Amino acid sequence: MDLSTKYDPTKVEDKWYQYWMDHKFFHAKPNPDKEPYSIVIPPPNVTGVLHMGHMLNNTIQDILIRKARMEGKEACWVPGTDHASIATEAKVVKMLREQGIKKSDLSRDEFLKHAWEWTDKYGGIILEQLKKLGASCDWDRTAFTLDDGYYKGVIRVFVDLYKKGYIYRGLRMVNWDVEAKTAVSNEEVIYNENGEVSKLYSVKYQIQGEDEHVVIATQRPETILGDTAIAVNPKDERFKHLIGKKALVPFINREIPIIGDDYVELDFGTGCLKVTPAHDPNDYEIGIRHGLEIIDTINDDGTLNEKCELPKYVGMERFKARKEIIKDLDEAGLLVGEEEFTTRIGRSERTNTVIEPKLSLQWFIKMKEVSRKAHQVVMDDEIVLYPSKFKNTYNHWMENVRDWCISRQLWWGQRIPAFYFGTREDDFVVAETPEEALTLAQEKSGNPNLKAEDLNQDPDVLDTWASSWLFPLAVFDGFNNEYYDQEKGKIISGKNADLDYFYPTDALVTAPEILFFWVARMIIAGYEYKGDKPFKNVYLTGIVRDKQRRKMSKQLGNSPDPLDLIKEYGADGVRTGMLFSSPAGNDLLFDIKLVEQGKKFSNKIWNAMRLVKGWEIDDSITVDNSKAINWFESRFNQALAEIEDHFSKFRMSDALQSMYKLVWDEFCSWYLEMAKPDYGKPVDRKTYDKTVEFFELVLRLAHPFMPFITEEIWHILKERSEKDCVIIAPWPTAGDFDNQIIEDANLAFEVISQIRNIRASKGISPNETLAELFLKCENPAKYQQFESAIKKLANVAEIKTTQDKVEGAAGFIVKSDEFFLPMEEDINVEEEIEKVKKELEYAKGFKTSVDKKLSNERFVNNAPPAVVEKERQKLADAEAKIKVLEENLQSLTK
RNA sequence: GGGGUAUUAGCUCAGUUGGUUUAGAGCGCUUGCUUGACAGGCAAGAGGUCACUGGUUCGAAUCCAGUAUAUCCCACCA
């Protein structure tokens with residue numbers, strides 16, 4: 001077989017992905033004979049393209065799912081995409097604008113048609129990209145949060161929560177565009193980065209019944225007529241005495257209370273704040289805290305209305321009114337100052353007019369009660385967060401949970417199923433279909449003649465998270481009529497085979513920034529609708545940053561294209577590269593060097609395969625490699641136990657590193673070097689079979705991390721039947737290991753290193769065979785069991801024991817055993833003395849530190865006996881070594 | 001402003017109930033190798049007052065308090 005010295009992933013990856021697909025290895029279905037293992041993907045935005053964050057995230061999920069599959073579990077990874085209402089709508093609007101079409105010129109249906117065309121065209125891209133990474137998702141189950149069934153589920157949940165009393169209509173500040181006369185989302189409000197220059201005016205307010213006044217600072221004097229309080233900080237000595245008194249609104253002399261609120265900063269403005277709950281989000285909050293009246297003095301078109309009480313201003317545009325009021329205040333002697341001031345002013349992306357904060361009726365979910373269980377289960381570790389530090393964050397958020405505003409002023413998404421039939425605030429009904437709505441409306445209005453055309457459905461759609469919070473339930477079709485009890489508002493157990501089998505899922509792998517937006521809410525929905533958690537473990541990945549710690553983003557242009565990376569380094573290289581540096585929950589500083597390291601690792605395994613494939617087998621010979629074989633077996637089991645431990649704690653990077661070290665150092669550098677036949681000689685059957693067996697173990701261990709190359713080598717190593725693939729080969733189980741042989745081997749390896757060291761320092765080529773190695777110690781058998789390894793790897797012809805020191809030899813010490821390598825040329829005595837002195841110094845220092853501990857009575861009395869025993873052993877070893885070193889020094893100096 | 005997390009080798013990080021740690025790994029660096037699997041490789045080596053100051057303890061990189069610095073989340077200035 002002609003095998004290149006370099007592994008070429010481009011020839012391999014697509015081939016095996018197709019092979020796995022053709023054999024349906026990714027597909028999972030309920031199987032009573034197998035344990036389930038399931039993961040639902042955090043659905044990427046349907047318009048998104050794969051970025052480095054996805055790469056990390058999905059690599060981790062794929063590793064978990066592949067390992068579970070090999071462990072014999074029914075492994076199900078459900079892929080999907082999110083309709084991402086804001087992001088997608090923004091993209092579609094932008095695309096239309098480029099074609100000269102304005103959203104405002106389109107009907108809702110026309111706009112949605114464009115949006116669907118866009119989705120159909122670009123929506124599949126990101127999933128195709130995941131395949132290049134090797135993601136072994138069950139593609140037959142691909143979900144989309146705006147699919148029919150999913151859409152219905154979301155609406156069903158809205159109606160149910162409304163019936164249960166969790167959903168209400170409430171006032172909320174929205175960003176109002178007075179020109180377009182519409183609310184705009186936060187994302188559509190543009191703030192000038194440097195702020196805009198505005199003026200801060202100081203205005204006098206008379207205190208009721210006193211000969212005193214306060215001065216407040218405001219940017220928006222035109223809202224003065226909507227003031228319903230003056231607030232001061234309760235700790236402010238200057239104004240403390242005023243709290244509880246009343247002030248008078250200029251011109252109209254309406255009485256307003258003076259209240260104390262921590263929100264007011266002592267050192268900003270004048271320390272007194274006018275409170276206008278209808279026209280400022282913070283003032284609105286203060287208003288709620290203090291039960292203040294709300295006086296809305298501004299119309300939808302930005303003009304002042306009759307609530308401002310002064311006829312002069314009614315109908316006047318807000319900025320004109322501002323000028324007029326300033327003039328009038330000045331004339332009345334109430335304006336005591338004005339100063340320039342830089343502030344953040346929001347402007348509408350669409351019309352560039354200054355956004356007017358406006359109170360409007362929006363839909364909310366009451367969070368306190370519905371989230372109680374979700375709070376508790378995380379605190380009780382029934383759902384475990386990795387890393388656990390996020391438990392604090394989660395707790396803090398849950399304790400201060402706010403009601404969730406779920407309406408969005410957009411078209412792309414699930415339309416709110418509320419239908420209005422009148423002009424009063426309460427003239428609406430909530431229902432899954434227009435037909436049901438009509439029936440309900442006829443009842444509620446008492447008008448049986450009400451027709452379908454008389455109903456107006458709410459134009460807004462639901463927040464994207466109000467659909468994705470149902471993801472783990474909806475992907476298994478949980479809200480289908482067949483499985484859902486409408487009366488109770490619960491999914492029925494025992495009817496939906498998928499859900500009964502795969503739910504709760506095993507792990508969720510996602511980014512910490514959506515812990516509240518998504519993770520917490522899925523937990524809430526899971527308990528509300530299924531009575532159980534949606535997942536058992538949550539693994540929170542870090543953010544992928546560049547070497548300067550900047551977040552990787554398209555705008556900065558500091559992110560490599562993942563597909564280019566895969567082309568250049570191979571999917572396996574990229575996967576391992578990403579994982580090399582990704583401690584859970586910590587940010588990952590992406591470094592192309594790590595991906596290179598991943599690629600080199602692929603090549604290393606490839607060449608190990610080339611070595612073994614190159615051996616010629618001779619059944620007639622026997623070579624005793626039993627020690628090497630026993631050692632590797634033990635070392636493998638030890639490493640596997642470590643790896644399992646890492647996996648159990650979601651320490652993926654550590655698991656990878658243990659595997660990497662096992663393969664490179666132990667399997668390639670030590671085992672294969674020990675086992676390989678001398679050049680030109682054949683290999684014996686036993687060594688060959690064992691080596692192939694070990695190689696297979698190693699490939700199985702590496703497969704979840706590096707799926708493609710392991711599958712390729714699996715098939716080159718041996719002839720196999722069609723379905724004999726590493727992707728479904730059993731995951732190795734950890735057997736016992738012999739600690740003694742591992743320790744002994746380490747001593748032998750130390751001997752080899754020391755000999756190589758001497759070669760290096762004396763310029764003796766590794767090719768040059770050294771005639772003899774003498775060994776002076778009490779128990780030479782310890783080393784002799786690895787005699788053939790030492791001979792082969794250190795290139796010495798013979799190993800002999802001795803009772804005495806050997807003259808004219810380079811010496812070294814392992815533990816307290818002495819070794820001598822006779823040298824042809826003269827030994828540089830000075831150098832040897834220096835070397836021994838240095839070692840002696842270290843050994844003595846070490847002994848001193850141990851002495852200090854052992855001579856401390858309190859240590860000996862208080863420390864656990866095992867610890868004291870260990871210290872005694874350390875002392876004895878150190879003393880033995882010092883003795884040998886001193887003898888050496890003596891014989892060198894005589 | 002509120003809360004979280006971190007600070008260990010030039011860089012990125014381990015160090016898992018305080019004791020085999022006068023501290024480990026990878027990368028980088030230095031030196032030497034056409035070593036018949038691999039130069040995408042092999043071998044050897046240098047490199048650290050564990051941010052600082054106190055405290056608890058027989059014993060602290062590890063626990064506690066404070067200081068400094070960095071970083072993230074939330075709220076944001078009338």
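Just so it is clear, the model here is predicted, and its values are computed rather than measured. Each chain gets a letter, A, B and so on, in the order its sequence line appears, and its residues count up from 1.
Searching all strands for a Watson-Crick or G-U wobble partner of B:rG10 with both distances below 3.5 Å returns B:rC27. B:rG66 is paired with B:rC52 under the criterion used here, namely a Watson-Crick or G-U wobble arrangement in which both key atom distances are under 3.5 Å. Shown here, B:rU71 forms a base pair with B:rG4; the pair counts as Watson-Crick or G-U wobble because both key distances fall under 3.5 Å. The nucleotide B:rG41 finds its pairing partner in B:rC33, both defining distances of the Watson-Crick or G-U wobble pair being shorter than 3.5 Å. When both pairing distances are held under 3.5 Å, B:rG59 makes no Watson-Crick or G-U pair with any nucleotide shown. Across all strands shown, B:rA46 remains unpaired; no Watson-Crick or G-U wobble contact has both distances below 3.5 Å.
Note on A:L589: only backbone sugar-phosphate atoms sit closer than 4.0 angstrom, heavy atoms only; bases stay farther off. In this structure, A:K274 reaches neither bases nor backbone, as no heavy-atom distance under 4.0 Å exists between it and the strands shown. A:R402 comes within 4.0 angstrom of nothing in the nucleic acid, heavy atoms only. Using a 4.0 Å heavy-atom cutoff across all strands shown, A:D283 reaches no nucleic acid atom at all. A:W615 comes within 4.0 angstrom of nothing in the nucleic acid, heavy atoms only. Looking at heavy-atom distances under 4.0 Å, A:N603 makes contact with a base. At a threshold of 4.0 angstrom between heavy atoms, the contacts of A:K604 include nucleobase atoms, whether or not backbone atoms are also involved. Using a 4.0 Å heavy-atom distance criterion, A:N767 is classed as a sugar-phosphate-only contact. Among the heavy atoms of the strands lying under 4.0 Å from A:S753 are primed sugar atoms or P, OP1, OP2 only; no base atom is included. Across all strands shown, A:E673 has heavy atoms under 4.0 Å from base atoms, whether or not it also approaches the sugar-phosphate. At a threshold of 4.0 angstrom between heavy atoms, the contacts of A:Y842 include nucleobase atoms, whether or not backbone atoms are also involved.
Nearest heavy-atom pair across A:D283 and A:T276 is OD2-N, 2.7 Å. Scanning both residues, A:T769 and A:V796, for their nearest heavy atoms gives CG2-C, 4.3 Å.
Contact of the A:D261 side chain with the A:H290 side chain is registered, since non-hydrogen atoms from C-beta on lie closer than 4.5 Å.
Under 4.0 Å is where a charged nitrogen must lie from a carboxylate oxygen, and between A:K661 and A:E666 at least one such pair does. Salt bridge absent: A:D280 and A:R220 never bring a charged side-chain N and a carboxylate O closer than 4.0 Å. The pair A:D654-A:K649 does not count as a salt bridge, with every side-chain nitrogen at least 4.0 angstrom from each carboxylate oxygen. Ion pairing between a basic and an acidic side chain is recognised when a charged N comes within 4.0 Å of a carboxylate O; A:E356 and A:R318 show such pairing.
Taking atom C1' on both B:rA25 and B:rA70, the two are 24 Å apart, rounded to the nearest angstrom. Taking atom P in both B:rC74 and B:rU16, one finds a spacing of 31 Å when rounded to whole Å. Spacing between B:rG40 and B:rG45 at atom P, rounded to whole Å, works out to 24 Å. Comparing B:rU67 with B:rG2, their P atoms are spaced 13 Å from each other, to the whole Å. The separation of B:rA6 from B:rA78, taken at their P atoms, amounts to 35 Å, rounded to a whole angstrom. Comparing the P positions of B:rG32 and B:rU7 gives an interatomic distance of 38 Å, to the nearest angstrom. Going from the P atom of B:rC11 to that of B:rG54 covers 26 Å, rounded to whole Å. Nucleotides B:rG66 and B:rA23 are separated by 31 Å at their P atoms, to the nearest Å.
Remark: A:K389 is not in phosphate contact with B:rG4, judged by side-chain N or O atoms under 4.0 Å from OP1 or OP2. Dashed line: the shortest gap from a side-chain N or O of A:K661 to OP1 or OP2 of B:rA25 is not under 4.0 Å. Using a 4.0 Å cut-off, some side-chain N or O of A:N392 falls inside it from OP1 or OP2 of B:rU5. For the OP1/OP2 pair of B:rC77 and a distance below 4.0 Å, the side-chain nitrogens and oxygens of A:N282 include at least one atom meeting the criterion.
Regarding A:K593, its NZ atom lies at a distance of 12 Å from the C1' atom of B:rG10, rounded to whole Å. The separation between A:L588 atom CG and B:rU71 atom C1' is 16 Å, rounded to whole Å. The NZ-P distance, from A:K600 to B:rC42, rounds to 10 Å in whole Å. Residue A:D665 contributes atom CG, which lies 16 Å from atom P of B:rG24 at whole-angstrom precision. Rounded to an integer number of Å, the gap from A:E871 CD to B:rG59 C1' is 9 Å. Rounded to whole Å, atom C1' of B:rG40 lies 11 Å from atom CD of A:Q597. A:L793 has its CG atom 13 Å from the P atom of B:rA37, to the nearest Å. We find that CH2 of A:W670 is positioned 8 Å from P of B:rA43, with the value rounded to whole Å.
Comparing B:rA78, B:rA43, B:rC58 against the side chain of A:R756 picks out B:rA43 as the nearest. The listed nucleotides are B:rC42, B:rG45, B:rA37; the one nearest the side chain of A:R610 is B:rA37. Closest to the side chain of A:Q219, from the set B:rG3, B:rG19, B:rC77, is B:rC77. Out of B:rC42, B:rG4, B:rU16, the shortest distance to the side chain of A:T393 is found at B:rG4. The side chain of A:N862 sits closest to B:rC58 out of B:rC58, B:rA37, B:rU35. Among B:rA78, B:rA14, B:rG41, the nucleotide with an atom closest to any side-chain atom of A:A217 is B:rA78. When distances are taken from the side chain of A:K874 to each of B:rU20, B:rA37, B:rA78, the shortest belongs to B:rU20.
A residue-by-residue look at A:A608 and A:K870 shows that A:K870 has its nearest nucleotide of RNA chain B further toward the 5' end. Projected onto RNA chain B by closest heavy-atom contact, A:R220 and A:N856 fall at different nucleotides, the more 5' of which corresponds to A:N856.
The aromatic rings of A:Y671 and A:F632 are tilted relative to each other, their planes meeting at an angle between 30° and 60°.
In this structure, A:Y539 has its ring center no closer than 6.0 Å to that of A:Y386.
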